[in-house]
Amino acid sequence: TRRLKRFSLTLNNRAMAADFQTVLSSPDATYSEGLLFFRGKGMLNSALQKIAADLEREGIDYVAIEAIALNRHGYRRFTEDIDLLLTREGLEKFREKLIGRGYQPAFEGARKKYRTSENIPLEITTTGEFPGDGKPKSVVFPDPADVVVIIDEVKTINLEKLIELKLASGMTAADRLKDLADVQELIKVKRLDAAFAENLDASVRARFVELAEAVAAGKPVFVDFTAA
């Protein structure tokens, strides 16, 4: 509607001055922010560009992961936070150089959860952590410098590693089924077939093939956690 378009324009122009949690408290404002987000504008994208610039200025390697990465690889899904992968050293440098300069811990004692000056949640994962259930496995969060692809001026995790991590997460954590759904959507958007599995860790190849074949056949996938 005309009113919604005017509201979207106002929200975009004032994005950095608003409180993101206030936006999320309003269905109309959230919808408008979602429209802007998918157009590469709005509060989340403005904050992401600022974070990227700040990390670059301080020489901190990073890649965007999770929903931000999904969107940059073509799967449009709204998100309420920004997730980044840093090295452990990069996290310490972030804390040293940027806390109090537009970023604050989300709560007292927080080391990996932060808030931007617009009250947007920023969550950091570090190299060496394990996806999903957090238990040791052959799939591990890598050094961001080794898996980077630049999409619209933001360093983003490459497609192979994004899918690999999503599979390992969804296969080992009962509360992360959406990660398998995310892989299915990436298969559709990127038109991937079973042969893509050769780019992935051996521990997740069979599940990728299962998902790819299910997408090709147009069938839902049954997830059996007793076999994970």
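For clarity, every value in this text was computed on a predicted model and none was experimentally measured.
- Comment: Arg176 does not engage Asp133 in a salt bridge, judged by the lack of any side-chain N to carboxylate O separation of less than 4.0 angstrom.
- Distance check: Arg72 CZ to Ile150 CD1 gives 11.0 Å after rounding to the nearest 0.5 Å.
- Between Lys161 and Pro142, some side-chain heavy-atom pair lies under the 4.5 Å cut-off.
- With hydrogens and angles disregarded, a donor-acceptor distance shorter than 3.5 Å links the side chain of Tyr62 to the backbone of Lys155.
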Item to check | Asp61 and Leu86: CA distance, side-chain angles, deciding distance, side chain to side chain contact (heavy atoms under 4.5 Å, CB included) verdict | outcome: CA-CA 6 Å; Asp61 284 331; Leu86 275 61; over 6 Å; no
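- Around atom NZ of Lys97, no more than 12 heavy atoms belonging to other residues, nucleotides or ligands sit under 6.0 Å away.
- In this structure, His73 contributes its side chain and Ile157 its backbone to a donor-acceptor pair below 3.5 Å.
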Item to check | Residues Arg101, Glu58; criterion side chain to side chain contact (heavy atoms under 4.5 Å, CB included); working and verdict | outcome: CA-CA 12 Å; Arg101 296 173 55 192; Glu58 299 298 341; 3.5 Å; yes
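- Taken to the nearest 0.5 Å, the NZ atom of Lys166 stands 6.5 Å off from the NZ atom of Lys178.
- Remark: Arg191 CZ is loosely packed, at most 12 non-hydrogen atoms of other residues, nucleotides or ligands lying under 6.0 Å away.
- Contact check for Asp81 versus Ile120: no side-chain heavy atoms found under the 4.5 Å cut-off.
- Proximity of Ile68 to Leu48: side-chain heavy atoms (C-beta onward) are separated by under 4.5 Å at one or more points.
- For Phe208 and Phe196, the ring centers are positioned less than 6.0 Å apart.
- No donor-acceptor distance shorter than 3.5 angstrom exists from the side chain of Lys190 to the backbone of Lys188, with no hydrogens or angles considered.
- Side-chain atoms of Arg207 and Leu180, non-hydrogen and from C-beta on, do get closer than 4.5 Å to each other.
- Annotation: side chain of Thr172 is not in contact with side chain of Lys135 (no heavy-atom distance under 4.5 Å).
- Under the 3.5 Å distance criterion, the side-chain polar atoms of Arg115 are left unmatched by any main-chain donor or acceptor of Pro105.
- Distance alone, capped at 3.5 Å, places no donor-acceptor pair between the Ser169 side chain and the Leu165 backbone.
- Residues Phe20 and Glu80 approach most closely at CE2-O, 3.5 Å, considering heavy atoms.
- Looking at every heavy atom in both residues, Val23 comes nearest to Thr30 through O-OG1, 3.1 Å.
- Checking each of Leu192, Val215, Leu167 against Val183 for a side-chain contact (heavy atoms from CB on, under 4.5 Å) leaves exactly one that passes, namely Leu167.
- Side-chain atoms of Gln21 come within 3.5 Å of backbone N or O of Asn119 as a donor-acceptor pair.
- With a 4.5 Å cut-off on side-chain heavy atoms, Val148 and Asn158 do not count as touching.
- Residue Thr125 holds its OG1 atom at 10.0 Å from CG of Leu91, rounded to the nearest 0.5 Å.
- In summary, the side chains of Asp28 and Ser26 do not present any donor paired with an acceptor at a separation below 3.5 Å, with no hydrogens or angles considered.
- In this structure, Tyr103 OH and Ile124 CD1 are separated by 9.5 Å, a value rounded to the nearest 0.5 Å.
- Atom OG1 in Thr156 sits 9.5 Å away from atom CG in Leu162 (nearest 0.5 Å).
- Ionic pairing of Lys112 and Glu129 is present here: one or more N-O contacts between side-chain nitrogen and carboxylate oxygen are shorter than 4.0 angstrom.
- When every heavy atom of Asn199 is checked against every heavy atom of Glu164, the shortest pair comes out as O-OE1, 4.3 Å.
- The minimum heavy-atom distance linking Glu33 with Leu44 is given by the pair OE2-N, 3.2 Å.
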Next on the checklist: Let's go through Tyr114 and Leu98 carefully: what are the C-alpha distance in whole Å and the side-chain angles of both, what is the deciding distance for side chain to side chain contact (heavy atoms under 4.5 Å, CB included) to 0.1 Å, and is it a yes or a no?
Outcome noted: CA-CA 11 Å; Tyr114 299 90; Leu98 295 175; over 6 Å; no
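- Here the closest heavy-atom approach between residue Arg77 and residue Phe37 is recorded as O-CE2, 3.7 Å.
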Checklist entry - Between Val149 and Ile151, does a side chain to side chain contact (heavy atoms under 4.5 Å, CB included) hold up when you go through it step by step? => result CA-CA 6 Å; Val149 58; Ile151 304 176; 4.2 Å; yes
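- Within the 4.5 Å cutoff, side-chain heavy atoms of Lys137 are placed close to those of Pro131.
- Ion pairing between Arg76 and Glu185 fails under the 4.0 Å rule for side-chain N and carboxylate O.
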Next on the checklist: Checking Thr127 against Thr87 for the side chain to side chain donor-acceptor pair (under 3.5 Å) test, could you report, in this order, the C-alpha distance in whole Å, the side-chain angles of both residues, the deciding distance, and whether it holds?
Outcome noted: CA-CA 5 Å; Thr127 301; Thr87 64; 5.4 Å; no
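- Here the CG-CE distance, from Leu24 to Met43, works out to 8.5 Å after rounding to the nearest 0.5 Å.
- Phe94 places a side-chain heavy atom less than 4.5 Å from the side chain of Ile99.
- Residue Leu122 comes nearest to Leu84 through the heavy atom pair CD1-CD1, 3.8 Å, listed as atom of the first residue, atom of the second, then distance.
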